[in-house]
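Please read the structure below before turning to the comments.
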Amino acid sequence: WSLPTALSLLAWYVFAPQCLSTLATVRRETNSWRYPLIMAGYLFAMAWVASFATFHIATAIAARGA
């Protein structure tokens with residue numbers, strides 16, 4: 001993997017929902033699938049945006065230095 005890809009993957013893991021048991025607990029506490037799905041969607045979207053931005057910024061920096 002290239003450096004931008006590795007950094008992008010690291011950014012993904014910072015924001016992606018890691019703990020499904022947390023989502024299950026929210027489901028049990030709220031008696032609804034609404035909030036766990038909102039949480040998961042929000043975290044996946046934020047992870048994607050962070051990963052996308054990190055990849056493109058790292059690629060731009062690498063191209064400038066070469």
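In what follows, every heavy atom counts, from backbone to side chain, and hydrogens, waters and symmetry copies are set aside.
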Residues that S8 engages under side chain to side chain donor-acceptor pair (under 3.5 Å), provided they are two or more places apart: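 With neighbours one apart ignored, the set is S51.
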
Looking at residues at least two apart in the chain, or sitting in another chain, which of them share a side chain to side chain donor-acceptor pair (under 3.5 Å) with T5?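 Testing T5 for side chain to side chain donor-acceptor pair (under 3.5 Å), a comparison that skips the adjacent residues, returns S2.
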
Sorted by first residue and then second, give each side-chain hydrogen bond (donor to acceptor under 3.5 Å, both in side chains) pair with at least one member in residues 53-62; sequence neighbours left out.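 Every candidate side-chain hydrogen bond (donor to acceptor under 3.5 Å, both in side chains) pair involving residues 53-62 fails, so no pair, neighbours aside, qualifies.
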
If you compare all heavy atoms of [X] against all heavy atoms of [Y], which two are closest, and at what distance to 0.1 Å?
X   : Y   : answer
A50 : A11 : O-CB, 4.0 Å
S32 : R27 : O-CD, 3.3 Å
A40 : P17 : O-CG, 4.3 Å

Members sharing L9's hydrophobic cluster (side chains within less than 4.5 Å):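 Once heavy-atom contacts under 4.5 Å are chained together, L9 belongs with W1, W12, Y13, F44, W48, V49, F52.
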
Considering only Ile, Leu, Val, Met, Phe, Trp and Tyr, and joining two whenever side-chain heavy atoms are under 4.5 Å apart, list the other residues clustered with L37.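 W33, listed by chain and number.
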
Hey, any chance V14 and Y42 share a hydrophobic cluster, counting ILVMFWY side chains that come within less than 4.5 Å of each other, even indirectly?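 Result: yes, single cluster for both.
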
Answer yes if Y35 and L23 sit in the same cluster of Ile, Leu, Val, Met, Phe, Trp and Tyr residues linked by side chain heavy atoms under 4.5 Å apart, and no otherwise.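 Y35 clusters together with L23.
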
Intermediate values then yes/no, side chain to side chain contact (heavy atoms under 4.5 Å, CB included), R34 and T30: CA-CA 9 Å; R34 181 180 179 196; T30 62; over 6 Å; no

